[in-house]
Amino acid sequence: MEREGIIFVVSAPSGTGKTTLCKELIDFFPDLRQSVSFTTRAMRPAEKAGRDYHFISASSFAMMVDKGEFAEWAAVHGHYYGTALAPLDACRQNGCDVLLDIDFQGAEQLRRNYSHAVFIFIVPPDMVELERRLRLRGTESDEVINNRLENARSELQAGDWYDYLVTNDDFDRALSKLKAIVIAEACKRSRIPFSVAELVGLSV
Ligand code: ADP
Ligand code: 5GP
């Protein structure tokens, strides 16, 4: 009997550094998989379909919603984003740990159905630095950046119920904290379906 896979949910206002941190985390833990979301937003130049997102039309997205194919979905910054239910459940049942980079609305939906999931909120050092990072990334127009900064205010209010808060000031320090969370969660007694005696092969 394997232990259930752990669902790690990471949220943060756009520009905080969540995508960069998640990529490093996935590279560090060979057994941790990134969940690939569906979105109706346009692909950015550096992105790859199927790796960063499944890019689909609004009508295809609506069809998936109607068929109940999402574990969660939400409208974020004027586009739709969602996590497919079937691969998430398969991963969990097969003992595979999975990392979801989703917004707070999606996280709130998952909290209702996945009570053992781990919710991590990444906090920017301050609003000035958040804006600097968004502008430096250079992937959005001024209008989109302003909209994301406006949304950040309400997103930050939603961070209080998460299990863990990690401030992304120094990148390496934030990454170390995320690694510590992943390791500690895998060691939790309640997640291990064996007695200590069984773990060491002691016959009882
Ligand atoms: P998000 O996924 O939260 O929208 P990104 O991962 O795209 O954010 O990061 C936004 C920008 O900030 C990127 O250019 C990234 O390289 C940079 N960045 C991430 N973390 C830090 C950090 N700790 N210090 C300075 N810049 C950072
Ligand atoms: P971006 O467009 O910058 O890639 O992502 C914008 C926001 O959408 C981020 O906050 C990101 O976490 C969120 N997001 C990405 N995928 C999903 C998803 O499947 N569901 C939800 N609810 N939010 C998502």
Side-chain angles (χ1 to χ4, degrees), residues 7-27 33-56 60-61 64-65 69-88 91 98-114 117 119-141 143-145 147-156 158-159 162 166-178:
I7 297 176
F8 293 95
V9 177
V10 180
S11 303
S14 184
T16 303
K18 174 173 37 91
T19 308
T20 319
L21 283 166
C22 286
K23 280 200 173 117
E24 293 275 339
L25 211 56
I26 293 286
D27 286 348
R33 284 200 213 151
Q34 175 85 52
S35 162
V36 181
S37 295
F38 286 77
T39 185
T40 60
R41 86 148 159 76
M43 188 162 67
R44 293 174 185 152
E47 287 179 330
K48 202 170 150 203
R51 182 193 65 187
D52 299 290
Y53 282 104
H54 300 292
F55 296 93
I56 59 171
S60 301
F61 195 97
M64 288 182 72
V65 171
E69 291 180 6
F70 286 122
E72 63 74 32
W73 66 272
V76 190
H77 313 312
H79 301 284
Y80 291 105
Y81 296 82
T83 305
L85 180 64
L88 184 67
C91 215
V98 61
L99 183 67
L100 276 66
D101 166 348
I102 65 173
D103 91 313
F104 73 95
Q105 304 170 84
E108 279 172 2
Q109 292 169 45
L110 289 185
R111 181 161 66 146
R112 279 178 237 134
N113 297 330
Y114 298 86
F119 294 90
I120 307 167
F121 196 84
I122 304 183
V123 187
D126 52 52
M127 294 304 285
V128 174
E129 175 63 9
L130 183 68
E131 179 166 359
R132 192 191 71 81
R133 287 183 194 173
L134 266 178
R135 297 204 185 280
L136 207 73
R137 188 171 71 188
T139 49
E140 277 90 15
S141 65
E143 190 192 343
V144 172
I145 289 176
N147 174 253
R148 289 189 174 216
L149 284 170
E150 194 50 44
N151 291 344
R153 295 178 187 282
S154 50
E155 288 165 16
L156 287 166
Y162 281 67
V166 173
T167 299
N168 182 20
D169 39 15
D170 176 75
F171 186 84
D172 289 339
R173 189 163 50 220
L175 184 60
S176 297
K177 288 178 182 173
L178 289 173

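Just so you know, ligand 1 is whichever comes first in the structure, and atom 1 is the first atom listed for that ligand. Residues: numbered from 1 along the sequence shown. Just the heavy atoms: all of them, side chains too, but no hydrogens, waters or symmetry mates, feed the values below. The structure displayed is predicted, hence computed values, not measured ones.
The backbone N or O of T16 lies less than 3.5 Å from a partner atom in the side chain of R133, making a donor-acceptor pair. Not one N or O on the side chain of T39 forms a donor-acceptor pair closer than 3.5 Å with the backbone of F55. Put simply, the side chain of N147 never gets that close to the backbone of E143: no donor and acceptor are under 3.5 Å apart.
Of the protein's non-hydrogen atoms, Y81 OH, 3.6 Å is the one closest to atom 6 (C) of ligand 2. Of the protein's non-hydrogen atoms, N168 OD1, 2.9 Å is the one closest to atom 23 (N) of ligand 1. The protein atom (non-hydrogen) at minimum distance from atom 5 (O) of ligand 2 is Y53 OH, 3.4 Å. D103 N, 3.1 Å is the protein heavy atom nearest to atom 23 (N) of ligand 2. Of all protein heavy atoms, the one lying nearest to atom 16 (O) of ligand 1 is T20 OG1, 4.2 Å. The shortest contact between atom 10 (O) of ligand 2 and any protein heavy atom is with K18 NZ, 3.4 Å. Annotation: atom 16 (N) of ligand 2 to nearest protein heavy atom, S37 OG, 3.1 Å. The protein non-hydrogen atom at the shortest distance from atom 7 (O) of ligand 1 is R137 NH1, 2.8 Å. At the top of the distance list for atom 2 (O) of ligand 1, counting protein heavy atoms only, stands T19 OG1, 2.3 Å. In this structure, atom 10 (C) of ligand 1 lies nearest to the protein heavy atom G15 O, 3.6 Å. For atom 12 (O) of ligand 2, the closest non-hydrogen atom on the protein side is D101 OD1, 2.7 Å.
Put simply, no part of F38 is less than 4.0 Å from ligand 2, judged by heavy atoms. Under a 4.0 Å heavy-atom criterion, A12 is not in contact with ligand 1. Under the 4.0 angstrom criterion for non-hydrogen atoms, R44 is in contact with ligand 2. Close to ligand 2: R148, with a non-hydrogen atom less than 4.0 angstrom away. Proximity of T16 to ligand 1 is established by a heavy-atom distance of less than 4.0 Å.
Of all the atoms in ligand 2, the ones that sit under 4.0 Å from a non-hydrogen atom of V76 are 7 (C), 8 (O). Near R41, with a cut-off below 4.0 Å to any heavy atom, the atoms of ligand 2 are 1 (P), 2 (O), 4 (O). Shown in contact with G106 at under 4.0 Å from a heavy atom are these atoms of ligand 2, numbered in order with element: 22 (N). Of all the atoms in ligand 2, the ones that sit under 4.0 Å from a non-hydrogen atom of A74 are 22 (N). Close approach of ligand 2 to T83 (heavy-atom distance below 4.0 Å) involves ligand atoms 19 (O).
Looking at E69, E72, Q109 one by one, the single match for side-chain hydrogen bond (donor to acceptor under 3.5 Å, both in side chains) with T83 turns out to be E72. Among the candidates F104, F121, F8, the single residue satisfying the ring-ring contact (aromatic ring centres under 6.0 Å, His included) test with Y162 is F121.
In the candidate list S14, A174, G17, P13, G17 is nearest to atom 8 (O) of ligand 1, counting heavy atoms. Compare R132, R44, K23, R133 by their heavy atoms: the one nearest to atom 17 (C) of ligand 1 is in R133.
Electrostatic pairing of E129 and R132 counts as a salt bridge here, judged by a charged N lying under 4.0 Å from a carboxylate O. In summary, E47 and R41 engage in a salt bridge, as defined by a charged side-chain N under 4.0 Å from a carboxylate O.
Between the CZ atom in R44 and the OG1 atom in T139 there is a gap of 4.0 Å [rounded to 0.5 Å]. To the nearest 0.5 Å, atom CG of residue L21 and atom CZ of residue F171 are 4.0 Å apart. Separating the OG atom in S14 from the CG atom in L130 is a distance of 7.5 Å, to the nearest 0.5 Å. The line from CG of L99 to CD1 of I7 is 11.0 Å long, rounded to the nearest 0.5 Å. Remark: R33 CZ to L100 CG distance equals 13.0 Å, nearest 0.5 Å. In this structure, CG in D27 is found 11.0 Å from SG in C22, a value given to the nearest 0.5 Å.
Considering backbone and side-chain atoms together, D169 places an N or O closer than 3.5 Å to an N or O of ligand 1. Residue L21 has no N or O atom closer than 3.5 Å to an N or O atom of ligand 1. Where the criterion is an N or O separation shorter than 3.5 Å, residue side chain and backbone included, D170 fails it with respect to ligand 1.
Closest approach of G15 to R137, counting heavy atoms only: N-NH1, 4.3 Å.
Ring geometry for F38 versus H54: interplanar angle of 30 to 60°, hence tilted.
Using a 4.0 Å cut-off between heavy atoms, E72 contacts ligand 2 through its side chain alone, with no backbone atom that close. In Q105, neither the side chain nor the backbone holds a heavy atom less than 4.0 Å from any atom of ligand 2.
Under a cut-off of 6.0 angstrom, the local environment of CZ in R153 is sparse, with at most 12 non-hydrogen atoms contributed by other residues, nucleotides or ligands.
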